[in-house]
K.L.:
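Input: one structure, supplied below.
We use all heavy atoms of the structure for the numbers below, so side chains are in, but hydrogens, waters and symmetry mates are not.
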Amino acid sequence: MAKRVQLVLSQDISKLGNQGDLIEVAPGYARNYLIPRGLGYRATPGVLKQVERRREAERLRLEQIKQDAEAMKTAIATIGLFTIKKEVGENNAIFGTVTADEVAELIKTNTGKDIDRRDIEVPSINKLGEYTVLVKLHSEVTAELRLRVA
């Protein structure tokens with residue numbers, strides 16, 4: 001049986017790996033398909049060092065994004081109670097509901113940070129009172145925002 005060849009992928013290939021992954025394939029597959037199409041290149045010590053540096057830079061970038069999300073969570077917790085004004089009818093019922101767009105705008109005015117409305121989970125709010133709204137800041141960081149409807 002022929003010896004396997006190590007390649008570094010230059011693009012994502014389904015069922016094989018992602019860009020920058022070190023893979024082992026049959027020599028004919030590498031020589032006849034992957035290398036001529038620019039999908040991969042031979043793994044030399046220099047290339048492996050370069051790939052490792054790219055992975056480390058990507059890891060640091062993702063870590064920084066998570067730290068920014070944690071800082072935003074702390075800022076939301078520090079502010080404490082957000083207040084939104086709505087028109088009131090009988091029995092403390094409000095006209096309409098509180099939407100994720102309104103909560104996103106409230107966060108932007110108080111913290112200066114933009115939050116996508118799709119990352120905000122607003123419970124059904126039909127009356128005056130205090131509610132808890134969940135704001136997803138990162139895949140691993142979710143902040144709880146206390147909202148008073150007045």
Side-chain angles (χ1 to χ4, degrees), residues 4-27 29-87 94-150:
R4 308 281 285 174
V5 176
Q6 286 191 332
L7 293 179
V8 176
L9 293 177
S10 57
Q11 296 179 21
D12 292 350
I13 301 174
S14 65
K15 299 182 182 176
L16 199 56
N18 296 325
Q19 180 181 359
D21 286 352
L22 180 66
I23 60 167
E24 286 190 9
V25 295
Y29 185 51
R31 181 179 60 244
N32 297 325
Y33 184 77
L34 294 175
I35 293 173
R37 286 179 172 75
L39 300 175
Y41 44 91
R42 294 206 182 269
T44 63
V47 168
L48 292 176
K49 285 181 187 176
Q50 188 178 37
V51 166
E52 191 57 40
R53 271 187 260 129
R54 273 194 222 133
R55 279 192 185 145
E56 182 63 21
E58 180 68 12
R59 187 189 64 75
L60 291 174
R61 185 184 71 81
L62 293 175
E63 189 175 301
Q64 182 62 40
I65 290 171
K66 184 176 178 184
Q67 287 176 356
D68 292 345
E70 289 286 350
M72 182 66 177
K73 180 179 178 180
T74 305
I76 288 173
T78 303
I79 292 173
L81 188 65
F82 289 81
T83 303
I84 193 164
K85 303 241 185 241
K86 287 292 208 173
E87 282 189 47
I94 61 174
F95 291 114
T97 61
V98 177
T99 64
D101 288 328
E102 291 173 324
V103 175
E105 188 62 36
L106 187 65
I107 292 171
K108 184 174 182 177
T109 57
N110 287 327
T111 64
K113 300 276 185 171
D114 279 327
I115 303 287
D116 189 5
R117 65 176 177 78
R118 293 174 292 211
D119 294 333
I120 300 173
E121 293 179 29
V122 180
S124 178
I125 300 175
N126 298 323
K127 294 185 176 267
L128 296 179
E130 286 190 17
Y131 299 90
T132 301
V133 176
L134 296 177
V135 181
K136 187 173 183 178
L137 302 169
H138 183 269
S139 62
E140 300 173 10
V141 180
T142 302
E144 286 188 3
L145 176 128
R146 288 187 20 227
L147 179 68
R148 177 188 299 147
V149 180

K.L.:
Any non-hydrogen side-chain atom of Tyr33 less than 4.5 Å from a side-chain atom of Leu39?
P.N.:
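Side-chain contact under 4.5 Å: yes.
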K.L.:
Are there over 12 heavy-atom neighbours, none belonging to Arg55, within less than 6.0 Å of that residue's CZ?
P.N.:
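More than 12 heavy atoms, drawn from other residues, nucleotides or ligands, come within 6.0 Å of this atom.
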K.L.:
Please tabulate, for the side chains in residues 138-150, all donor-acceptor contacts under 3.5 angstrom to protein atoms that are two or more places apart in sequence or on a different chain.
P.N.:
residue	atom	partner	partner atom	Å
His138	ND1	Glu140	N	3.1
Glu140	OE1	Lys66	NZ	2.6

K.L.:
Please assess Tyr29 against Val5 for the test side chain to side chain contact (heavy atoms under 4.5 Å, CB included), listing each intermediate value before the final yes or no.
P.N.:
CA-CA 9 Å; Tyr29 185 51; Val5 176; over 6 Å; no
K.L.:
Among Val133, Asn126, Ile125, exactly one meets side chain to side chain contact (heavy atoms under 4.5 Å, CB included) together with Val98. Which residue is that?
P.N.:
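Result for side chain to side chain contact (heavy atoms under 4.5 Å, CB included) with Val98: Ile125.
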K.L.:
Write down the atom of Pro36, the atom of Ala30, and the distance for their closest heavy-atom approach.
P.N.:
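Nearest pair, atom of Pro36 first, then Ala30: CD-O, 3.8 Å.
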K.L.:
For the residue pair Ser124 and Tyr131, what are the closest heavy atoms and their distance?
P.N.:
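Closest approach of Ser124 to Tyr131, heavy atoms only: O-CE2, 4.4 Å.
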K.L.:
Is the count of non-hydrogen atoms from other residues, nucleotides or ligands lying under 6.0 Å from Lys136 atom NZ greater than 12?
P.N.:
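No - once you tally the heavy atoms of other residues, nucleotides and ligands closer than 6.0 Å, there are 12 at most.
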K.L.:
Assess whether atom CZ of Arg59 is packed by more than 12 heavy atoms of other residues, nucleotides or ligands within 6.0 Å.
P.N.:
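Yes, because the 6.0 Å sphere around CZ of Arg59 holds more than 12 heavy atoms from other groups.
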K.L.:
Is it true that atom CD of Gln64 has more than 12 heavy atoms of other residues, nucleotides or ligands lying nearer than 6.0 Å?
P.N.:
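For Gln64, atom CD is crowded (more than 12 foreign heavy atoms under 6.0 Å).
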K.L.:
Do the side chains of Lys49 and Glu52 get nearer than 4.5 Å, heavy atoms only?
P.N.:
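They are not in side-chain contact.
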K.L.:
Side-chain contact test, heavy atoms from C-beta onward, threshold under 4.5 Å: evaluate it for Met72 versus Val135 and give yes or no.
P.N.:
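In short, these two side chains do not touch, never coming nearer than 4.5 Å.
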K.L.:
Step by step, would you call Arg61 with Glu58 a salt bridge (Lys or Arg N to Asp or Glu O under 4.0 Å)?
P.N.:
CA-CA 5 Å; Arg61 185 184 71 81; Glu58 180 68 12; 2.7 Å; yes
K.L.:
With rounding to the nearest 0.5 Å, note down the distance linking CD in Glu63 to CG in Asp68.
P.N.:
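Between Glu63 CD and Asp68 CG, I get 11.0 Å after rounding to 0.5 Å.
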K.L.:
Over all heavy atoms of both residues, which pair between Ala43 and Leu22 is shortest? Give the atoms and the distance, please.
P.N.:
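Looks like CB-CD1, 3.6 Å.
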K.L.:
For the atom pair OG1 (Thr83) and CG (Asn110), what is the distance rounded to the nearest 0.5 Å?
P.N.:
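The CG atom of Asn110 is 8.5 Å from OG1 of Thr83, to the nearest 0.5 Å.
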K.L.:
Quick one, Ile23 and Gln6 - any side-chain contact, counting heavy atoms below 4.5 Å?
P.N.:
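No, side chains not in contact.
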K.L.:
What's the separation between atom CD1 in Ile107 and atom CD in Glu102, rounded to the nearest 0.5 Å?
P.N.:
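CD of Glu102 is found 12.5 Å from CD1 of Ile107.
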K.L.:
In Å and rounded to the nearest 0.5 Å, what is the CD1 to CZ distance from Ile120 to Arg118?
P.N.:
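So the CD1 of Ile120 and the CZ of Arg118 are separated by 11.0 Å.
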K.L.:
Can you tell me how far CD1 of Ile13 sits from CZ of Arg37, rounded to the nearest 0.5 angstrom?
P.N.:
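Going from the CZ atom of Arg37 to the CD1 atom of Ile13 covers 10.5 Å.
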K.L.:
Side chains of Ile115 and Leu137: does their closest heavy-atom pair fall under 4.5 Å?
P.N.:
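In contact.
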K.L.:
With heavy-atom distances below 4.5 Å as the criterion, would you say the side chains of Glu130 and Leu81 are in contact?
P.N.:
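Yes. Closest side-chain heavy atoms under 4.5 Å.
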K.L.:
Under the side chain to side chain contact (heavy atoms under 4.5 Å, CB included) criterion, do Leu9 and Asn18 qualify, and how do the steps go?
P.N.:
CA-CA 7 Å; Leu9 293 177; Asn18 296 325; over 6 Å; no
K.L.:
Does any non-hydrogen side-chain atom of Leu7 lie less than 4.5 Å from one of Ile35?
P.N.:
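They are in contact (side-chain heavy atoms under 4.5 Å apart), so the answer is yes.
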K.L.:
Atom CG in Leu48, atom CZ in Arg53: separation rounded to 0.5 Å?
P.N.:
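CZ of Arg53 is found 11.0 Å from CG of Leu48.
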K.L.:
Which heavy atom of Gly40 sits nearest a heavy atom of Ser10, and at what distance?
P.N.:
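Where Gly40 meets Ser10 most closely, the heavy atoms are N-OG, 3.6 Å.
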K.L.:
Shortest non-hydrogen contact from Val47 to Tyr41?
P.N.:
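In terms of heavy atoms, the two residues are closest at CG1-CE1, 3.3 Å.
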K.L.:
May I ask you to test the Val122-Thr99 pair for a side-chain heavy-atom distance under 4.5 Å?
P.N.:
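In short, these two side chains do not touch, never coming nearer than 4.5 Å.
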